[in-house]
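Note that the structure is predicted; figures quoted are calculated from it, not measured. Each residue takes its place number in the sequence, starting with 1.
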Amino acid sequence: MTLLARNTAATAAAPVTARRARARRWRRAVTPVVLLAAWEGGVRAGLLDPDKLPAPSAVLEVGWRLAADGTLGGYLLDSIQRALLGLLVGGLLGLALGALAGLSRLGDDLVDPTVQMGRMLPHLGLVPLLIIWVGIGESLKVTLVALGAFFPVYLNTYAGIRNIDERLVEAARACGLSALERLRHVVIPGALPSLFLGVRLAFAAGWLSLVVGEQVNGQGGLGFMMMEAREFSQTDVVVLGLVAYALLGLVSDLALRYAERRTLAWRRGLRAT
């Protein structure tokens, strides 16, 4: 096939590909919409107690009210700041130690056994001990998020480096690449898919940790909003907080998936049919 013919075929296929992408995006929204409709219908039909599980319309109404007076925005900003700080601390530490253990035999011997033992401990179960160590202020929330983010990033960085085909490294060495060049052109690209997975898991664990941390003597944040609402039996506000956490997790995951597609555009994996 000539170059002109290939270009013509690619141009003709572009609208079809775009239509399929749009159809797929709409198809992915079907299940959430159906669940929301069933939830709303169940409340309106009396099958679900609105005092225990308010309808989505009631949650949306209270969310609009809290957003209009600035309350929800302030709580969201507090939670996002804590999450980003904890993810930054835990992620960078996990990346550094994972790279050290993955690239160095000495680092592996000194770091990995301790980390493997530490990851067996449920970090949310350390809350009583952390309260003694760092108190019940902002340090507790950030520490919990950092612990939740550390282990996924460390494990996936370590695994991503160790799973690189050694023959690629040997071929790069045979071609005369220095250690830094091998790191740049072989190790980092080879470990990036695993690292992105680790960051996505770190964000999920970070949001989960933040939910718990903000409910321990919280001052501001979505968790504090939910605990305060519980005291006054405002179930709609509690559900709103859960929905906000879920949306924050979804948005962060979508952003990471987009960054992964752009960064790893060279990779061609198995596509679902």
* Asked: Between Ser79 (side chain) and Gly221 (backbone), is there a donor-acceptor pair under 3.5 Å?
  -> no

Solution key, residues 118-129 side-chain donor-acceptor pairs under 3.5 Å, sequence neighbours excluded:
unit_1: Arg119; atom_1: NE; unit_2: Gln116; atom_2: OE1; d: 2.5
unit_1: Arg119; atom_1: NH2; unit_2: Gln116; atom_2: OE1; d: 3.4
unit_1: His123; atom_1: NE2; unit_2: Ser209; atom_2: OG; d: 2.7

* Do you know which two heavy atoms are closest between Val186 and Val169, and how far apart they sit? -> CG1-CG2, 4.1 Å

* Structure fact -> In short, salt bridge (charged side-chain N to carboxylate O under 4.0 Å, His left out) pairs touching residues 171-185 with sequence neighbours left out are Glu170-Arg173

* Over all atoms of both residues, closest heavy-atom pair of Pro54 and Val239 -> CD-CG2, 4.0 Å

* To do: Tell me whether Phe150 is reachable from Leu88 by hopping between hydrophobic residues (I, L, V, M, F, W, Y) whose side-chain heavy atoms are closer than 4.5 Å.
  => no

* **Check against side-chain contact (heavy atoms from CB on, under 4.5 Å), Leu144 and Leu210** => CA-CA 7 Å; Leu144 281 174; Leu210 186 64; over 6 Å; no

* Do Ile164 and Leu95 share a hydrophobic cluster, counting only Ile, Leu, Val, Met, Phe, Trp and Tyr and linking them when any side-chain heavy atoms are less than 4.5 Å apart? -> yes

* **Trp207 with Phe196, same ILVMFWY side-chain cluster at under 4.5 Å** => yes

* To do: Identify, with sequence neighbours excluded, every residue that meets side chain to side chain contact (heavy atoms under 4.5 Å, CB included) alongside Arg65.
  => Val62

* Asked: Which value, rounded to the nearest 0.5 Å, describes the distance between Met225 atom CE and Arg230 atom CZ?
  -> 14.0 Å

* To do: Before giving the answer on side-chain contact (heavy atoms from CB on, under 4.5 Å), spell out for Trp64 and Leu60 the whole-Å C-alpha distance, their side-chain angles and the decisive distance to 0.1 Å.
  => CA-CA 6 Å; Trp64 180 264; Leu60 183 63; 5.7 Å; no

* Structure fact -> Heavy-atom closest pair (Phe203 atom, Leu256 atom, distance to 0.1 Å) is CD1-CD1, 3.5 Å

* To do: Any chance you could measure Asp78, atom CG, to Leu222, atom CG, to the nearest 0.5 Å?
  => 8.5 Å

* When Ile, Leu, Val, Met, Phe, Trp and Tyr are grouped by side-chain heavy atoms lying under 4.5 Å apart, directly or through other members, which residues fall in the same group as Leu250? -> Leu254

* Can you tell me how far CG of Leu168 sits from NE2 of His185, rounded to the nearest 0.5 angstrom? -> 14.0 Å

* **Donor-acceptor contact present, side-chain Asn163 to main-chain Ala159, <3.5 Å** => yes

* To do: Indicate the atoms forming the closest heavy-atom contact of Ala149 with Ala202, along with that distance.
  => O-CB, 3.6 Å

* List the steps and the verdict of salt bridge (charged side-chain N to carboxylate O under 4.0 Å, His left out) for Glu214 and Lys141. => CA-CA 6 Å; Glu214 287 187 334; Lys141 285 77 171 173; over 6 Å; no

* Asked: For Leu85, which fellow cluster members are found when Ile, Leu, Val, Met, Phe, Trp and Tyr are connected by side-chain heavy-atom distances below 4.5 angstrom, either directly or through intermediates?
  -> Val89, Val142

* Measuring from Leu197:CG to Leu192:CG, what's the distance to the nearest 0.5 Å? -> 12.5 Å

* To do: Drop me the distance from Asn156's CG to Arg200's CZ, to the nearest 0.5 angstrom.
  => 11.0 Å

* To do: Step through the shown structure and confirm whether more than 12 heavy atoms of other residues, nucleotides or ligands are within 6.0 Å of CD on Glu166.
  => no

* Structure fact -> So CZ of Arg82 and CG of Leu140: to nearest 0.5 Å the spacing works out to 10.0 Å

* Asked: Taking only residues two or more places apart in sequence, or in another chain, which ones meet Asp69 in a side chain to side chain contact (heavy atoms under 4.5 Å, CB included)?
  -> Leu66, Thr71

* Asked: Backbone N or O of Ser57 within a donor-acceptor pair of the Glu40 side chain at under 3.5 Å?
  -> yes

* Say whether Leu72 and Met227 are linked into one hydrophobic cluster, either directly or through other cluster members, by side-chain heavy-atom distances under 4.5 angstrom. => no

* To do: Kindly say whether Gly223 contributes a backbone atom to a donor-acceptor pair with the side chain of Tyr245 at under 3.5 angstrom?
  => yes

